[in-house]
> 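Sharing a structure below in structure tokens format, with a few things to ask.
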Amino acid sequence: MYIYDSVQKTKRKFEPLVEGKVTLYVCGPTIYDDAHLGHAKSALVFDLLSRVLRANGYEVTYARNITDIDDKIIKKAIKQKKDIKTITDFYTAAFHKEMQAIGVKHPDIEPKATESLDAMYALITKLIENGHAYQTSNGDIYFDTKSDSKYLTLSRRVQNEDERQERVESSKEKRNPADFALWKSVKDDSVTFKSPFGKGRPGWHLECSAMIEKHLAYKDKPYAIDIHGGGADLLFPHHENEAAQTRCATKHKLANYWMHNGFVNINGEKMSKSLGNSFFLKNALREYDGEVLRFYLLSSHYRSSLNFNTKDLEVSKKRLNKLYRLKKRLFGLPYGEEKTAFGEKLLEALSDDLNISSALSLIDAMIAETNERLDTPGKHKEVKKETMANLGFIEKVLGFGVKNPYEYFQFGVDDATKAKLSKLIEARNEAKKAKDFQRSDTLREDILSYGVELMDTPHGSFWEKV
RNA sequence: GGUGCCAUCGCCAAGUGGUAAGGCCGCAGCCUGCAAAGCUGCUAUCCCCAGUUCAAAUCUGGGUGGCACCUCCA
């Protein structure tokens, strides 16, 4: 297994801290709104990573947090005159539902900020004790970036205070402009948590460090965890700050490998909630099968950016259709668990920093070869057995082809239409039987007018939603 | 202004020193009552310039263009 480490900026052979085990932590969403395609991509990338690691025999512990303490959540709660928890529960449930729709497995651990306050307090206390944090007169607690000689080594930035554009109103008592809040004191009664440092709210960067210590960290290794992942925009300042907190509060560094996924863009521009150009996952799911979205968002390399457009999405759909047509051809046959040459090659491609393009080209070649073999006369017992093992492996490691192929091709068609189509097909079969091809062709036109494709096979006539 | 990433066929996209994968589209053919599906065949010398090398899309230098981060962000 090889992983591109975005801190060392090179592809490195993956060596776990503990033989046979992997600890993986990914920064999850702040749940104040619906997830867009960018959130989906991030979740998909690390879902794929965990699957590939497992296929390589590693025992993986995968944690992805949910940030449920945040100013935007509070703002929304106040605006809608709702409880914070009402907001966060709603969007958490929606997030889970949408993740399931695109085949993202639930992480092993899903810590929430509200459930990790003790760990955060412990971390702050340590940092104050170690002289890496200080409290201002109004109660805020800041991390002292100057006290950490390794600060900025993660993102490799150059500290240049003179030219640093300070765009956020910050406390006059901050020792350095770069110092970031560990604890924000809040005087009013809006939303606060009781802590040893007074009433307030924790800083955003703190929760990840705290959750990692609480749920995943090795206590006796040079790194807390093996792999830390997240969107490319998190490298600075979020991950830089997380790394600083962990480094200064504990005896280990945060992560051995850092992975950052590229963005989903719209019209060449980053998709983000604040830019207001989000394409929400829930809307995409109304138009497309979740697996098509999964395929599309995973079809380009995880580190490169993806310019969202429906044309390419349609191409992904066509490509996935081919897999499902092969599945249809072998419908009802049992999956095998045996290893195949194809499976090994596929895993090898994916184990090279998740080279999805190579993996997909291997799948296309396998599909074409299998179809060709099945086209020749004979029973093809061996071919079928091998193919079912291949399909099973693709499902397991990539999450493609997990549905019933007939249902897959009926996405978005209501029952009344389905019934009508059945009747039309029946009538057409009768016309064909009677060799009344004119009527048969007229009926086909009727069938096609429902936006479906019709195909005659040795097993009967079927339609597929285009 | 600082830092970093990227530029491969009409479109999407691998490959990072050894002579350009794959998909979509298009064209031709096989199959089919006709179709669809499937299969077969055909289609690029890698943004520009200079250099290193027996050999470069792949390394170095210089351009040009695009994007991201430096502020909440996946």
Side-chain angles (χ1 to χ4, degrees), chain A residues 6 9 11 26-30 32 35-46 64 67 70-72 152 155-160 162-170 178 204 229-238 240 260-265 268-275 278 296 299-301 303-307 309 311-322 325-326 328-329 349 352 355-365 367-376 432 435-438 440-441 444-445 448 452-457 461-464 466:
Chain A
S6 43
K9 295 188 189 301
K11 209 188 268 186
V26 174
C27 291
T30 301
Y32 66 94
H36 63 225
L37 261 23
H39 299 104
K41 171 160 169 149
S42 180
L44 284 164
V45 163
F46 292 103
R64 184 189 61 214
T67 298
D70 177 88
D71 288 353
K72 293 198 203 78
L152 296 182
S155 57
R156 301 183 182 201
R157 256 153 227 283
V158 189
Q159 187 116 36
N160 195 337
D162 300 333
E163 289 178 20
R164 203 181 129 92
Q165 304 272 322
E166 194 73 23
R167 288 194 240 176
V168 172
E169 281 281 326
S170 62
W204 172 46
D233 52 351
L234 298 181
L235 180 57
F236 187 87
H238 188 52
E240 183 73 58
H260 291 92
N261 67 274
F263 291 120
V264 177
N265 295 158
E269 207 178 34
K270 173 184 169 183
M271 180 184 295
S272 88
K273 289 178 191 172
S274 45
L275 289 176
S278 297
Y296 172 62
S299 65
S300 64
H301 190 78
R303 275 187 281 123
S304 60
S305 56
L306 175 80
N307 201 307
N309 68 80
K311 228 176 193 168
D312 293 339
L313 185 50
E314 288 292 340
V315 170
S316 285
K317 184 177 164 186
K318 283 185 181 173
R319 213 171 175 181
L320 183 61
N321 285 352
K322 294 202 294 188
R325 289 207 184 95
L326 178 60
K328 226 158 119 175
R329 241 184 135 161
D352 180 15
N355 190 331
I356 191 76
S357 288
S358 291
L360 294 181
S361 86
L362 285 167
I363 291 175
D364 284 322
I367 292 172
E369 195 197 322
T370 306
N371 276 321
E372 199 182 353
R373 286 160 86 186
L374 292 174
D375 281 343
T376 62
K432 273 179 25 168
K435 299 226 188 281
D436 183 354
F437 294 125
Q438 203 160 7
S440 149
D441 287 349
R444 180 174 50 210
E445 290 306 315
L448 262 38
V452 302
E453 201 58 80
L454 184 66
M455 34 201 58
D456 297 332
T457 77
S461 299
F462 300 97
W463 59 269
E464 291 180 0
V466 182

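Chain A is the first sequence line, chain B the second, and so forth, proteins listed ahead of strands; every chain is numbered from 1.
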> For Asn355(A), answer base if it contacts any base atom (sugar-phosphate contacts may also be present), sugar-phosphate if it contacts only those atoms, and nothing otherwise; contact means non-hydrogen atoms under 4.0 Å.
sugar-phosphate

> Classify Leu234(A) by what it touches in the nucleic acid, base, sugar-phosphate, or nothing, heavy-atom distance under 4.0 Å.
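The residue Leu234(A) makes sugar-phosphate contact but no base contact.
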
> Choosing from C39(B), A35(B), C69(B), which nucleotide comes nearest the side chain of Asp456(A)?
A35(B)

> Out of G38(B), G33(B), C69(B), which has the shortest distance to the side chain of Arg157(A)?
C69(B)

> Touch check for Glu314(A), heavy atoms < 4.0 angstrom, all strands: base, sugar-phosphate only, or nothing?
nothing

> Looking at A74(B), I'd like to know if its phosphate oxygens (OP1 or OP2) sit under 4.0 Å from a side-chain N or O belonging to Lys270(A).
no

> Counting the atoms with a prime plus P, OP1 and OP2 as sugar-phosphate, which does Val26(A) contact under 4.0 Å by heavy atoms, base, sugar-phosphate, or nothing?
nothing

> Please evaluate residues Val315(A) and Lys311(A) with respect to the criterion side-chain contact (heavy atoms from CB on, under 4.5 Å), reporting the C-alpha separation (whole Å), side-chain torsions for both, the decisive distance (0.1 Å), and the verdict.
CA-CA 6 Å; Val315(A) 170; Lys311(A) 228 176 193 168; 5.9 Å; no

> On a whole-Å scale, what distance lies between the C1' atoms belonging to A28(B) and C6(B)?
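Rounded to whole Å, the distance is 38 Å.
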
> Could you go over nucleotides 22-26 of chain B and give all protein N or O partners under 3.5 Å, atom names and distances?
residue: G22(B); atom: O2'; partner: Arg319(A); partner atom: NH2; Å: 2.8
residue: G22(B); atom: O2'; partner: Asp364(A); partner atom: OD2; Å: 3.0
residue: G23(B); atom: O4'; partner: Arg319(A); partner atom: NE; Å: 3.4
residue: G23(B); atom: O4'; partner: Arg319(A); partner atom: NH2; Å: 3.4
residue: G23(B); atom: O3'; partner: Lys322(A); partner atom: NZ; Å: 3.4
residue: C25(B); atom: OP1; partner: Lys318(A); partner atom: NZ; Å: 3.0

> Just the rounded figure in Å: distance from P of A37(B) to CG of Leu448(A).
11 Å

> Taking the nucleotide of RNA chain B with the closest heavy atom to each, which residue, Ser155(A) or Phe437(A), is nearer the 5' end?
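Its nucleotide being nearer the 5' end, the pick is Ser155(A).
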
> Calculate the interatomic distance between Leu320(A) atom CG and A37(B) atom C1'; express it in whole Å.
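Answer to the nearest Å: 16 Å.
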
> In terms of side-chain heavy atoms of Cys27(A), which of A74(B), C69(B), G38(B) is nearest?
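The nucleotide sitting nearest to the side chain is A74(B).
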
> Before you tell me yes or no, could you show the steps for Arg157(A) and Glu240(A) under side-chain contact (heavy atoms from CB on, under 4.5 Å), namely the whole-Å CA-CA distance, both residues' side-chain angles and the distance that decides it to 0.1 Å?
CA-CA 10 Å; Arg157(A) 256 153 227 283; Glu240(A) 183 73 58; 5.7 Å; no

> How many whole angstroms separate atom CD of Glu445(A) from atom P of A36(B)?
12 Å

> Would you kindly give the NE2-to-C1' distance between His238(A) and A68(B), to the nearest whole Å?
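To the nearest whole Å, that distance equals 18 Å.
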
> Between G33(B), C5(B), A37(B), which one does the side chain of Lys9(A) approach most closely?
C5(B)

> What is the separation between atom CG on Leu326(A) and atom P on A37(B), rounded to the nearest whole Å?
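Atom CG in Leu326(A) sits about 16 Å away from atom P in A37(B).
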
> Do the numbers put Arg64(A) on top of the ring of Phe46(A), so that NZ or CZ is under 6.0 Å from the six-membered ring centre and no more than 45° off the axis?
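The answer is no; the distance or angle limit is not met.
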
> Taking atom C1' of G4(B) as reference, at what distance in whole Å does atom CG of Leu235(A) sit?
9 Å

> Tell me: CG of Leu44(A) to P of A74(B), nearest whole Å?
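Going from CG in Leu44(A) over to P in A74(B) covers 15 Å.
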
> Any Lys/Arg nitrogen of Glu314(A) or Lys318(A) sitting under 4.0 Å from an Asp/Glu carboxylate oxygen of the other?
no

> Check every strand shown and say whether Ala40(A) touches a base, only sugar-phosphate, or nothing at a heavy-atom separation below 4.0 Å.
nothing

> Base, sugar-phosphate, or nothing for Gly262(A), non-hydrogen atoms under 4.0 angstrom?
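Since a base atom lies under 4.0 Å of Gly262(A), the category is base.
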
> Which residue lies toward the 5' end of RNA chain B, Arg329(A) or His39(A), if each is placed at its nearest nucleotide?
Arg329(A)

> Let's test this: given Watson-Crick or G-U wobble pairing with both distances under 3.5 Å, identify the partner of C54(B).
G18(B)

> For Asn371(A), answer base if it contacts any base atom (sugar-phosphate contacts may also be present), sugar-phosphate if it contacts only those atoms, and nothing otherwise; contact means non-hydrogen atoms under 4.0 Å.
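Sugar-phosphate contact only.
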
> Applying a 4.0 Å non-hydrogen cut-off, can you work out what Ser316(A) is touching in the nucleic acid: base, sugar-phosphate, or nothing?
nothing

> The side chain of Arg444(A) lies closest to which of these nucleotides: A35(B), G38(B), A74(B)?
A35(B)

> Hey, does Gly38(A) reach any base, or is it just sugar-phosphate, or nothing, if we go heavy atoms under 4.0 Å?
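If one applies the 4.0 Å heavy-atom cut-off, Gly38(A) turns out to touch a base.
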
> From NZ of Lys432(A) over to C1' of G33(B), roughly how many Å is that when rounded to an integer?
9 Å

> Measure from the side-chain heavy atoms of Glu372(A) and tell me the nearest of C39(B), C34(B), A74(B).
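Ranking C39(B), C34(B), A74(B) by closest atom to the Glu372(A) side chain puts C39(B) first.
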
> What nucleotide among C70(B), A36(B), A14(B) has an atom nearest to a side-chain atom of Glu453(A)?
A36(B)

